[in-house]
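My structure is below; once you've seen it, I'll send some questions.
FYI, the numbering just counts along the sequence from 1.
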Amino acid sequence: MKNLISAFIIIICGISLKAQESKIIGNWQLTQIEANGQTETKIKLVFIFVENGVFKLARDANSKTIDVGSWKYNKEQQAIIMASDLDKDFRGNAEILKITKSKLVYKKEGAIWTFSKLAKMNPPAKVTMEKPILSFESDDMYDEDGNFNYEETEAKLPWTIETIVNFLKNYTELVYNITSFPDEQEAEAWIVSEKINYNEAEQTIDVRSYSYFQNDYIDMMENPIWMNNLAEYEYDFMFFPQDNLDIYKVVGTETIATPAGTFKCTLVEGFGRFNSKVQYWMVNNKPGVFAKVVSVKDAPTPFGNTKVYVLKEIK
């Protein structure tokens with residue numbers, strides 16, 4: 001009889017555990033975090049607790065998901081136990097304060113996290129564009145004697161630091177569509193925004209790139225550029241706003257169509273950081289603006305990637 005009762009208790013406990021786990025499983029939109037007397041509500045992250053113990057994350061309900069670790073429910077602690085190497089916010093014990101069909105509230109490291117249940121995710125449509133391949137090699141940058149004439153090549157570029165800065169100070173933002181092709185992963189697309197700040201009183205210009213993780217524009221350089229001392233920044237802004245190339249050559253001119261219009265461009269090929277191959281289509285009459293950039297990072301799988309930047313708009 002005792003064995004029968006014990007078995008019955010184990011079954012009931014198992015059913016109770018499964019019932020609580022089933023409530024946790026699903027897509028949860030983070031709506032609020034209360035910590036240190038302050039409340040943050042401008043959050044779009046989505047936590048996804050998958051049935052098989054996989055823990056996923058999405059930037060918002062319309063983004064692709066990524067695996068960030070694992071999760072399980074601990075009945076004794078009445079907590080979600082999360083494991084992740086990505087960030088401390090995605091690992092550790094989260095004590096459940098409330099859970100219903102539509103709401104989840106837990107306490108973790110002194111902060112109260114509130115979530116709303118999402119019926120489903122709305123990830124972006126698959127990107128069908130073909131992954132570009134850059135076939136040139138570093139030897140192509142040099143002449144048959146093994147020499148490379150920087151001065152001659154630089155003279156062919158359509159921009160100088162002075163023309164770049166004087167053009168960009170009339171704009172507040174550059175927006176690019178980016179399609180990324182990570183190794184062994186499906187292509188994805190997002191927006192990159194470069195904010196330009198021209199201070200007429202100080203006669204300076206600086207550039208900030210938007211960070212989705214920090215929800216703000218981040219300084220791209222330690223100090224703004226002084227308009228009366230542009231010569232010192234020639235190297236930094238030769239290929240603004242992208243990374244500089246260690247070696248490169250001007251291939252010729254080409255007309256490129258973009259969502260922002262069709263532009264006559266100077267095409268440049270070269271090698272940047274970590275020996276990445278890069279092609280720039282520099283818009284001739286818009287200094288500092290690229291119609292298109294293709295960057296290929298050759299690295300052991302899964303660290304290689306190809307990124308395509310296409311001009312979306314100039315504001």
Query - Contact summary for Leu174 and Gly288, nearest pair of heavy atoms - result: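 It is CD1-O, 4.1 Å.
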Query raised in the report: CG of Leu267 to CD of Gln279: how many Å apart, nearest 0.5 Å?
Result: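 It is 5.5 Å, given to the nearest 0.5 Å.
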Query - Check: Tyr142 and Ile247 side chains under 4.5 Å, non-hydrogen atoms - result: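 Counting from C-beta outward, Ile247 and Tyr142 do come under 4.5 Å.
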Report task. Could you tell me if the ring centre of Phe290 sits under 6.0 Å from that of Tyr309? Result ->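 No: the rings miss the under 6.0 Å criterion.
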Requested in this report: State whether the number of non-hydrogen atoms from other residues, nucleotides or ligands found under 6.0 Å of Asn147 atom CG is greater than 12.
Outcome: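 Atom CG in Asn147 is crowded, with more than 12 foreign heavy atoms closer than 6.0 Å.
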Query raised in the report: With a 3.5 Å cut-off and no angle check, do the side chains of Gln78 and Glu76 form a donor-acceptor pair?
Result: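 The answer is no; no qualifying pair exists.
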Query raised in the report: Picking from Leu30, Thr31, Ile43, what satisfies side-chain contact (heavy atoms from CB on, under 4.5 Å) with Trp113?
Result: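 Passing option: Leu30.
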Query raised in the report: Do the non-hydrogen side-chain atoms of Thr163 and Asn166 ever get within less than 4.5 Å of each other?
Result: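 Counting from C-beta outward, Thr163 and Asn166 never come under 4.5 Å.
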**Report entry** Side-chain touch Val308/Ile178, heavy atoms, less than 4.5 angstrom
**Finding:**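 Side-chain contact under 4.5 Å: no.
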Query raised in the report: Does the ring center of Trp28 lie less than 6.0 Å from the ring center of Phe47?
Result: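 Between Phe47 and Trp28, which both carry aromatic rings, the centre distance is not below 6.0 Å.
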When the side chains of residues 134-141 are checked against the rest of the protein, which donor-acceptor pairs come out under 3.5 Å, sequence neighbours left out?
from   : atom 1 : to     : atom 2 : distance (Å)
Glu137 : OE2    : Lys277 : NZ     : 3.4
Asp140 : OD2    : Glu137 : N      : 2.8

**Report entry** side-chain contact (heavy atoms from CB on, under 4.5 Å) partner of Lys56, the single match among Asn27, Thr65, Val68
**Finding:**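 For Lys56, the side-chain contact (heavy atoms from CB on, under 4.5 Å) check succeeds only for Thr65.
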**Report entry** ILVMFWY network linking Leu45 to Ile24, side-chain heavy atoms under 4.5 angstrom
**Finding:**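 Yes, same cluster.
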Query raised in the report: Can you list every pair that meets salt bridge (Lys or Arg N to Asp or Glu O under 4.0 Å) and has a residue in residues 293-311, with sequence neighbours left out?
Result: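 Of all non-adjacent pairs touching residues 293-311, none passes salt bridge (Lys or Arg N to Asp or Glu O under 4.0 Å).
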Query - Which atom of Trp159 lies closest to which atom of Val283, heavy atoms considered - result: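 That would be NE1-O, 3.0 Å.
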Requested in this report: Taking the six-membered ring for Trp and the full ring for Phe, Tyr or His, determine whether the centres of Phe115 and Tyr106 are under 6.0 Å apart.
Outcome: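 Yes.
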**Report entry** Modelled atom types, side-chain donor and acceptor of Thr204 and Asn199, under 3.5 Å
**Finding:**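 No - no donor-acceptor pair under 3.5 Å links their side chains.
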Report task. State, with a plain yes or no, whether a side-chain heavy atom of Tyr73 is found less than 4.5 Å away from one of Ile96. Result ->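 Yes. Closest side-chain heavy atoms under 4.5 Å.
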Query raised in the report: Nearest 0.5 Å, what's the CD1-OG1 distance between Ile256 and Thr262?
Result: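 Rounded to the nearest 0.5 Å, the CD1-OG1 separation comes out at 9.0 Å.
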Query raised in the report: Between Ile80 and Ile99, is there a shared hydrophobic cluster once you connect ILVMFWY residues whose side-chain heavy atoms come closer than 4.5 Å?
Result: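 Yes, it is one cluster - the side chains of Ile80 and Ile99 are joined through contacts under 4.5 Å.
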Query raised in the report: Does a donor on one side chain and an acceptor on the other come within less than 3.5 Å for Gln203 and Asn228?
Result: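 There is no such pair (donor and acceptor under 3.5 Å, judged by atom type) between the side chains of Gln203 and Asn228.
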Query raised in the report: ring-ring contact (aromatic ring centres under 6.0 Å, His included) between Phe49 and Phe55: does it pass, once the steps are laid out?
Result: CA-CA 5 Å; Phe49 299 109; Phe55 179 27; 5.2 Å; yes
Query raised in the report: Any sub-3.5 Å donor-acceptor pair from Arg91's side-chain atoms to Ala83's backbone N or O?
Result: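 Checking the backbone N and O of Ala83 against the side chain of Arg91, no donor-acceptor pair under 3.5 Å is found.
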Requested in this report: May I ask you to check whether over 12 heavy atoms, not counting those of Asp145, lie within 6.0 Å of atom CG?
Outcome: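 More than 12 within 6.0 Å, yes.
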Requested in this report: Applying side-chain contact (heavy atoms from CB on, under 4.5 Å), run through Asn177 and Ile191 and close with a yes or a no.
Outcome: CA-CA 5 Å; Asn177 277 318; Ile191 298 294; 2.7 Å; yes
**Report entry** Heavy-atom closest contact (Gln29 atom, Lys44 atom, distance)
**Finding:**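 Taking Gln29 first and Lys44 second, the nearest heavy atoms are NE2-O, 2.9 Å.
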**Report entry** Derivation and outcome, side-chain contact (heavy atoms from CB on, under 4.5 Å), residues Cys265 and Tyr280
**Finding:** CA-CA 9 Å; Cys265 306; Tyr280 288 135; over 6 Å; no
Query raised in the report: Taking C-beta and beyond as the side chain, do Lys103 and Thr114 meet within less than 4.5 Å on heavy atoms?
Result: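 Lys103 vs Thr114: side chains touch.
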Query raised in the report: Is any side-chain heavy atom of Thr172 less than 4.5 Å from a side-chain heavy atom of Ile196?
Result: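 No; the side chains remain at least 4.5 Å from each other.
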Query raised in the report: Do the side chains of Trp71 and Val105 join up, straight or via other hydrophobic residues, at under 4.5 Å, putting them in one cluster?
Result: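 No, Trp71 does not connect to Val105 through the hydrophobic network.
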Report task. Work out which heavy atom in Thr258 is nearest to a heavy atom in Ala291; give both atom names and the distance. Result ->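 For Thr258 and Ala291, the tightest heavy-atom pair comes out as CG2-O, 3.5 Å.
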Query raised in the report: Do Glu95 and Gln77 have side-chain heavy atoms sitting under 4.5 Å apart?
Result: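 Answer no - side chains too far apart.
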Query raised in the report: Got a second to check how far Ser70's OG is from Ile81's CD1, nearest 0.5 Å?
Result: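 Separation between the atoms: 10.5 Å.
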**Report entry** From CA spacing to verdict: side-chain hydrogen bond (donor to acceptor under 3.5 Å, both in side chains), Thr39, Gln32
**Finding:** CA-CA 7 Å; Thr39 301; Gln32 180 175 290; 5.1 Å; no
**Report entry** Tyr171 with Val289, same ILVMFWY side-chain cluster at under 4.5 Å
**Finding:**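 Tyr171 and Val289: one cluster.
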Query raised in the report: Under a single-linkage definition using a 4.5 Å side-chain heavy-atom cutoff for Ile, Leu, Val, Met, Phe, Trp and Tyr, are Val192 and Leu311 assigned to the same hydrophobic cluster?
Result: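 Hydrophobic grouping puts Val192 with Leu311.
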Query - Distance in Å, Glu202 CD paired with Asn197 CG, rounded so as to fall on 0.5 Å steps - result: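 Reported value, rounded in 0.5 Å steps: 11.0 Å.
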Requested in this report: Supply the atom-to-atom distance Glu232 CD to Ile161 CD1, rounded to the nearest 0.5 angstrom.
Outcome: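 Answer for the CD-CD1 pair, Glu232 versus Ile161, is 11.0 Å.
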Requested in this report: Kindly indicate, with the supporting measurements, whether the criterion side-chain contact (heavy atoms from CB on, under 4.5 Å) is fulfilled by Asn285 and Lys264.
Outcome: CA-CA 8 Å; Asn285 64 347; Lys264 186 174 182 180; over 6 Å; no
Requested in this report: Could you tell me which non-hydrogen atom of Ala58 sits nearest to which non-hydrogen atom of Met121, and how far apart they are?
Outcome: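 Heavy atoms only, the tightest pair is CB-CE, 3.4 Å.
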**Report entry** Over 12 non-hydrogen atoms of neighbours within 6.0 angstrom of NZ in Lys169
**Finding:**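 Correct, the count exceeds 12.
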Query - Which atom of Pro287 lies closest to which atom of Phe167, heavy atoms considered - result: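 Answer, listing the atom of Pro287 first, then Phe167: O-CD2, 3.1 Å.
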Query raised in the report: Nearest 0.5 Å, what's the CE-NZ distance between Met82 and Lys72?
Result: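 The CE atom of Met82 sits 13.0 Å away from the NZ atom of Lys72.
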Query - Trace of the side-chain contact (heavy atoms from CB on, under 4.5 Å) decision for Phe181 with Asn305 - result: CA-CA 6 Å; Phe181 301 86; Asn305 61 69; over 6 Å; no
Query raised in the report: So among Val207, Leu168, Val175, which one has a side-chain contact (heavy atoms from CB on, under 4.5 Å) with Glu194?
Result: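 For Glu194, the side-chain contact (heavy atoms from CB on, under 4.5 Å) check succeeds only for Val207.
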Query raised in the report: Can you tell if the side chain of Lys292 reaches within under 4.5 Å of the side chain of Val294, non-hydrogen atoms only?
Result: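 A side-chain contact under 4.5 Å exists here.
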Query raised in the report: Any luck finding a side-chain donor-acceptor pair between Glu188 and Thr179 under 3.5 Å?
Result: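 No.
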Requested in this report: Apply salt bridge (charged side-chain N to carboxylate O under 4.0 Å, His left out) to the pair Glu313 and Lys315, showing each step before the final yes or no.
Outcome: CA-CA 6 Å; Glu313 58 186 349; Lys315 297 180 180 179; 3.8 Å; yes
Query raised in the report: Do the two ring centres, one from Tyr198 and one from Trp226, sit under 6.0 Å apart?
Result: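 No - the distance between ring centres of Tyr198 and Trp226 does not fall below the 6.0 Å cut-off.
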